[in-house]
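This report concerns only the one structure given below.
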Amino acid sequence: MSFLAGLNDAQRRAVDHHNGPMLVVAGAGSGKTRALTHRIAHLIGHHGVDPAQLLAVTFTNKAAREMKERLELLLAQKLAQSQFGQPLGTLSAQQQRQLRSRIYQEVIKELWIGTFHALFARLLRFDIDKYRDPDGLTWTRQFSIYDESDAQTLVKEIVTQELGLDPKRFEPKKVRWAISNAKNQGWLPEQLEQEQPGQRGKQVADAYRRYRRALAANNALDFDDLLLLPVQLLQSNEQVRRYWHGRFRHVLVDEYQDTNRTQYDLIKLLVTGGAEPEQFDDWGDRSVFVVGDADQSIYSFRAADFTILMGFQDDFGDRASDEATRTMVKLEENYRSTATILGAANALIAHNTERIDKVLRATRGEGEPITVTRCDDEIAEAEAVVHCLRMLEAANPELRWGGMAVLYRTNAQSRAMEESLVRWGIPYIVVGGLRFYDRREIKDVLAYLRLLVNPADTVSLLRVLNVPRRGIGKTTVQRLTDAAAQLGLPLWEVVNDAEAVRSLAGRSAKGLLQFAELIADLGRRIQDAPPSELVQRVMEQSGYLAELITEGTDEAEERRRNLQELVNAALQYQEENEEGSLEGFLASAALASDADSKDTEQDRVTLMTLHASKGLEFPVVCLVGLEQGLFPSYRSLEDPAALEEERRLCYVGITRAKERLFLSHASERRLWGGMREPAVPSVFLSELPPELVQGDIPRSGGASLRREQRLDRLTRVDREESLPVAANAVRRRAPSKLWAVGDRLHHANFGDGHITHLFGSGEKISIAVKFEGMGPKILDPRLAPIEPLP
DNA sequence: GATGCTTTAGAGTCT
DNA sequence: CTAAAGCATC
């Protein structure tokens, strides 16, 4: 059995590549994950590469997990063949388990597969104490990882307290963004000051300098530091650089188009050991293998730069033409979508100017037309989408809710969708938005654990010092903080000093002493108790759980359930990581994304942003809110480069669909629950080939155009049941009713009226109705609350 | 120091 | 409309 079996020609060339550089330009659905996985299996199983010498970067933790599972299976299959001469599936369950366990122990456990952040956080756990900072800052291996809200807390404190700047002019959020941006470009405060001259630049640089100092004082790193610090460490410390460069002989990067400068620097340092890539030719038994698609670059807001991908051939490759090159392979055959869907995707992306020349070739049949629906507002849109999903579900026995996805530009759009889905009793899951680990109760308990690992973590200490309430108020905290600052100690050192507490705290002293005792007691368990037990202990011994139980509200009950879920998460972590330490669990919690936890087992419609949908596929995709200013976003309307990124995002969304694609837009949208805003159809709709689309393609930049049907023909269509009353909606179709011009009807809100026009054809039509005392109203007869009148 | 009320600002995408 | 922040009162 070979790892090259079942691959097409281009895939085989990619997988079979051994040493040296290789760029795989892989269009959507062209089997790039397969190529990556098979290549790793091939390196290990065929070329005998030591698993510990591999570094593979994936875009999500979930992708990393799936890749490991896939590898385990591939290698176990190979082992079954060589050991027993028969396929894995034919062996007894016990033999299969044994083989897989052996592969896990000898290979999978040794692999460094993960996101940039997870991998380099891991590297820092080894070597961060060897880092010499230009400003003399230091960190230890017990460092905390701060998420966006922790980081924001710190920035806010610095801007308002330390610098005394006006929070109106220096919004903490914006300052934080500027700092993050600088870090992503690889700039330290001095460089930021050079790049952004002027008074404001100076002040932001100053905030950045203090923010760095504050992080170090907390022995904490933010997300950006997890990449920036390793770059600086590897650049400045030759011994460390030599070790990692020597260790990782084969570096693989997925989604290379979404790499930023810092990540690129990391790859370069590991691959060339610090030499300029153009000068590096000592490949020996070493390779760099990157996979990406410039058309799917959608993360420029966090400094991703797809010109890095486009520059690969000049950096590492042979610089030969596309026809002659030996360092690039293009995967252009799409195995995912119907020809119609691909035709739409290709036509859309052709409107972009900055691209690598590449077409997606269809390998599947034509499929159904794409449907474009215009709706009155976001509620009507949600109803239309749900209606469409119900019709499909009823019509196709093999199609399940889990095969359907609703994609949108912004998280806030999920709400209208959710309401409709609830109304119709359809199971769904929202991916993204509020992360599990961002919930208050989860962050509280994790803050206790972070404090146990890293007593310098004052942000975490302040979070839980009075949670649950111990009678420690603002005044006391201020007094203790001042004292700590003057002494140059972390706050914990003061809190943990019984005498200091008694002298400083007055009547809050009791609570503080209790707290210190609690932390000390928990701290004694940290070495030998597994993370799940520590989570449980924190919940119980801190009184957190007791308080939730006393409260007894539905909300408290919900929080209690979430905490139980946290225990489960810790158990799962221990299962997946045998020597799982508390530090490791905390890191995985900090770096987990909501998409990582989405399980594919449950049969539910998936709701998520277009960004979160990257890398996924669904038989049915509904792409909603195609309106100027929403998608493309209003921030991109004036900026051609930003508009191209929005178009790529749309391209990503379209290419998620395997069988059916539904696009919708509303003519009015409510913002902040308040006023209604008229909306103009998205320019992207007008860029789709009309022959692939059913329904009307609105011309962008103006009101939508409707083709009026000849009224003497095609004037009768099926009518579906109107809005349901109960959640358990009727499955069966109501007896079909045909609408025609002149028909009289009753509308729940507008009263009696008669139909003046019919628009569209086939399944999807709209009717224009004249009600008494108002202008013509265009309705979707399948959704509007209408009843026929005799 | 805690609690409850009123006001205000706010949502673009994510590790 | 919602979350956070500000303010008044116990």
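Computed over heavy atoms, backbone and side chain alike; hydrogens, waters and symmetry mates excluded. On a predicted model such as this, the values are computed, not experimentally measured, just so you know. Note on naming: letters A, B, ... go to the chains in the order of the sequence lines (proteins, then strands), and numbering restarts at 1 for each one.
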Using salt bridge (Lys or Arg N to Asp or Glu O under 4.0 Å) as the criterion, list what pairs up with A:Asp457, not counting sequence neighbours.
-> A:Arg450
For A:Ala412 and for A:Gly432, locate the closest nucleotide of DNA chain B by heavy-atom distance; then report the residue assigned to the nucleotide nearer the 5' terminus.
-> A:Ala412
So, is the end of the A:Arg355 side chain (NZ or CZ) under 6.0 Å from the ring centre of A:Phe306 and within 45° of the ring's axis?
-> no
With a 4.0 Å cut-off on heavy atoms, is A:Phe59 in touch with a base, just the backbone sugar-phosphate, or nothing at all?
-> nothing
Shoot me the first and last contacting nucleotide of DNA chain B against chain A, ordered 5' to 3', at under 4.0 angstrom to non-hydrogen atoms.
-> B:dG1 to B:dT15
Could you encode protein contacts along nucleotides 2-10 of chain C as a string, one character per nucleotide from 5' to 3', using B for base contact, S for sugar-phosphate-only contact and - for no contact, with a heavy-atom cut-off of under 4.0 Å?
-> S--S-----
With heavy atoms under 4.0 Å as the rule, sort A:Asn260 into base, sugar-phosphate or nothing.
-> nothing
Does the side chain of A:Arg502 reach to within under 4.5 Å of the side chain of A:Leu513, using non-hydrogen atoms?
-> yes
Base, sugar-phosphate alone, or nothing: which one does A:Asn411 contact when heavy atoms must sit under 4.0 Å apart?
-> sugar-phosphate
Sequence neighbours excluded, which residues qualify as side chain to side chain donor-acceptor pair (under 3.5 Å) partners of A:Gln152?
-> none
Please list, chain by chain and in numerical order, all residues satisfying salt bridge (Lys or Arg N to Asp or Glu O under 4.0 Å) with A:Lys156, sequence neighbours excluded.
-> none
Contacts of A:Lys443 that satisfy salt bridge (Lys or Arg N to Asp or Glu O under 4.0 Å) - sequence neighbours left out = A:Asp147, A:Asp150
Mind checking what makes salt bridge (Lys or Arg N to Asp or Glu O under 4.0 Å) contact with A:Arg559, not counting sequence neighbours?
-> A:Glu441, A:Glu555
Could you check whether A:Glu645 gets within reach of a base, just the sugar-phosphate, or nothing at all, counting any heavy atom under 4.0 Å?
-> nothing
Which is true for A:Gln413 with a 4.0 Å heavy-atom rule: it touches a base, it touches only sugar-phosphate, or it touches nothing?
-> nothing
Pairs where residues 626-647 of chain A contributes a residue and the test ring pair (Phe, Tyr, Trp, His ring centres under 6.0 Å) is met, not counting sequence neighbours = A:Phe631-A:Phe684
If you pin A:Thr410 and A:Leu591 to their nearest nucleotides in DNA chain B, which one's is more 5'?
-> A:Thr410
Under 4.0 Å between any heavy atoms, over every strand shown, what does A:Lys173 touch: base, sugar-phosphate, or nothing? Just pick one.
-> sugar-phosphate
So what does A:Tyr634 hit on the nucleic acid, given a heavy-atom distance under 4.0 Å: a base, only sugar-phosphate, or nothing?
-> sugar-phosphate
Reckon A:Thr60 touches a base, only the sugar-phosphate, or nothing at all at heavy-atom distances under 4.0 Å?
-> nothing
Can you name the side chain to side chain donor-acceptor pair (under 3.5 Å) partners of A:Arg561, sequence neighbours left out?
-> A:Glu558
